[in-house]
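Here is how names work: the chains are called A, B, and so on, in the same order as the sequence lines, proteins then strands, and each is numbered from 1. Side chains are part of it too, since the values below use all heavy atoms of this structure and drop only hydrogens, waters and symmetry mates.
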Number of protein chains: 2
Amino acid sequence: MVNIGDVAKAAGVSRSTVSYVLSGKRSISQDTRDRVSAAIAELGFTVNAGARALATSETMVLGLHVQFEPDEFAPAMLQYVLPIAQTARDLGFDSMMMTEADGYSAIRRMASSNMIDGLVLLDVVDDDPRLSALRVITQPGVLIGLPADSAGLDVIDLDFAEAARMIVDRLASAGHRNVLLITPPQHVFDRGGGYAARFRDAAIERARRAGLRLTVRAGESQEPLINASLNGLLDDLADNTAIVLHNDASVAALPGVLRERGIRVPGDLSVIGLFSESFSRTFNLRYSAIDTAPARIATLAVEQLVRRITDPVSAGAPGVRLVTPAFVDRGSLAQLG
Amino acid sequence: MVNIGDVAKAAGVSRSTVSYVLSGKRSISQDTRDRVSAAIAELGFTVNAGARALATSETMVLGLHVQFEPDEFAPAMLQYVLPIAQTARDLGFDSMMMTEADGYSAIRRMASSNMIDGLVLLDVVDDDPRLSALRVITQPGVLIGLPADSAGLDVIDLDFAEAARMIVDRLASAGHRNVLLITPPQHVFDRGGGYAARFRDAAIERARRAGLRLTVRAGESQEPLINASLNGLLDDLADNTAIVLHNDASVAALPGVLRERGIRVPGDLSVIGLFSESFSRTFNLRYSAIDTAPARIATLAVEQLVRRITDPVSAGAPGVRLVTPAFVDRGSLAQLG
DNA sequence: CTGAAAGCGCTTACAG
DNA sequence: CTGAAAGCGCTTACAG
């Protein structure tokens, strides 16, 4: 492999000059710059990443740790992973993907072997064991998902409470008085998926104020339970005029269940969900929804992380940034009365 | 950060001895080994990856390039990415994820800057521009997906031709004589997704021999075209007793369409698909299918790549390995006559 | 505007 | 069984 010395020799300059041409960190005469550039092009020289990392202590690599919950609804994850890698690249970083179940050890290993300049944590839960790793290592991290204690950490998440309020307000002003909310499965609450509680609690609170009767049920995550549970709810709670779904698996299964029961949306029932554009496309869902905006959240997270790596001052004090939700109207909400 | 010199000092040995304790590449007295290990543990020492890579020319990192086709059915990709990263880790490698649209440049950059020891290419098509990058770089690669010219390359793919023959044979021996095949969308053929043609052509050939009338139609990949096209086919080709789907989007949409038309499976129509277990779970599909076995293919690919990196002799001559398909019976194939 | 040299943290022949 | 030293390919103060 051709190295910086070969380039120097070919251009008739020193190795440091080649390095400075590459980095632009000092002024070089037009003439030598041209000779060096020509030599680089001719020899097809690329800086050796390991050597540069060793000399600068900067790897230009971001770590990305994803949890893989076997009982989780999988298709959602890629919506974050892809934009994370893409944004990182746009900012000059590569992405190292970690999938170890033991996130704590994985992060410590990667950080202490100096493979990464920073870390993105996906799907952070309330009492996430990865956070203690983050507090020990020297590299900064950014969380996607708000944990119980986020002191000193950069966090990006959707404003789930605001999302709930927006939905309840729309339902209320459309004249709905009896609404069913299907939350994520119980195991999401158990695991500490705080977003589920934030959405639910804000919905309950807002419904109370609006004088709206909100019935809350946890959805299932595995067939055939999903269908059975949806059917059961539609049997028992037939007086609801609207259903709010904060549950990927249930909302994906809903069209089939409604079709089977001959229920028309929004004629017989109004439906509002909480899912991304791409989720809507994948499952061909025509329900109005709060967009969970995975690409936007991923981009913001990486941008903040890179800012903290390259220019901590401009990154400001670490803190939580909740993304304001956007409502996408697909016409599944009926105006009553 | 603590380095190998700190450990050496603490243990009262030379840096080389610490290194040899780490690598096990020469025998060390029990006593010094203990002292070194103790020092490593106490100081929390981890080898600096960049320095090691510089010294050994081995990064212990695998590159993974994924194409992101906006018109593609996305959920499938993660089924490969996760097991790739997992298998790599089991074999001592980390995974660098590349998502650049310009795969050729991405690969050349990563390879020539010596960030990776080998490369996994996902979703390889007939005339894949990434292959010319692979032929230039010094690191070995493995392809998931069989290209037109695979000379000198390690390739893993499902045996799509055999899958087609297995399906046709089952249909024939169950007494079906008129069968509809829905292939991947036209743009998959256009892009050179050879697997689509291999499946289709083998199905046609086998059907001819078995005296079975096979009607072939390309499916759509975007709603509302998918539904419309499925309905059109069921209208026009009502005399078919079975339908074979080699099309993710269509098979996911099929239950809804059949339910709407009141068609029962397998009472009114037999259905056989080509999709993974996890796909079946995600979309709650109860159709019998050839399992596309993404995890198995991913694992085989990484194992072969790592073999070629670490022990080229045992890896044998580069070549194509087609995975024999497995049929998963979910009871959607009716026995006729 | 440019060069010689030290140093980043490892590994591994070379010596004993 | 162990150590001193060269070398991997860069970057960056230090000098001029």
Distance in angstrom units between A/K9 NZ and C/dA4 P, rounded: 13 Å
Range-with-range stems for DNA chain C, at least three Watson-Crick or G-U pairs under 3.5 Å: C:1-3 with D:14-16, C:5-12 with D:5-12, C:14-16 with D:1-3
Nearest-0.5 Å distance, CD1 of residue B/I137 to CG of residue B/L119: 5.5 Å
Test log, rule side-chain contact (heavy atoms from CB on, under 4.5 Å), inputs A/I156 and A/V323: CA-CA 7 Å; A/I156 315 278; A/V323 172; 4.1 Å; yes
A/F93 and A/T310: CA distance, side-chain angles, deciding distance, side-chain contact (heavy atoms from CB on, under 4.5 Å) verdict: CA-CA 11 Å; A/F93 287 80; A/T310 57; 4.3 Å; yes
Donor-acceptor pair between B/S16 and B/S19 side chains, under 3.5 angstrom: no
Atom CZ of A/R321: over 12 foreign heavy atoms under 6.0 Å: no
Sugar-phosphate only, base, or nothing, as touched by A/S57 at under 4.0 Å among non-hydrogen atoms: nothing
By salt bridge (Lys or Arg N to Asp or Glu O under 4.0 Å) - contacts of B/R109 (at least two apart): A/D94, B/E100
Polar side chain donor-acceptor pair, B/D117 to B/Q139, under 3.5 angstrom: no
Summary of protein contacts for nucleotides 9-16 of chain D, nucleotide by nucleotide, where a base hit scores B, a sugar-phosphate-only hit scores S (4.0 Å, heavy atoms): BBBBBB--
Close approaches to DNA chain C from residues 111-118 of chain B, in residue order (heavy atom, under 4.0 Å): none
Residues that B/R35 engages under salt bridge (Lys or Arg N to Asp or Glu O under 4.0 Å), provided they are two or more places apart: B/D31
All salt bridge (Lys or Arg N to Asp or Glu O under 4.0 Å) counterparts of B/R52, not counting sequence neighbours: none
Greater than 12 external heavy atoms within 6.0 Å of A/R307's CZ: yes
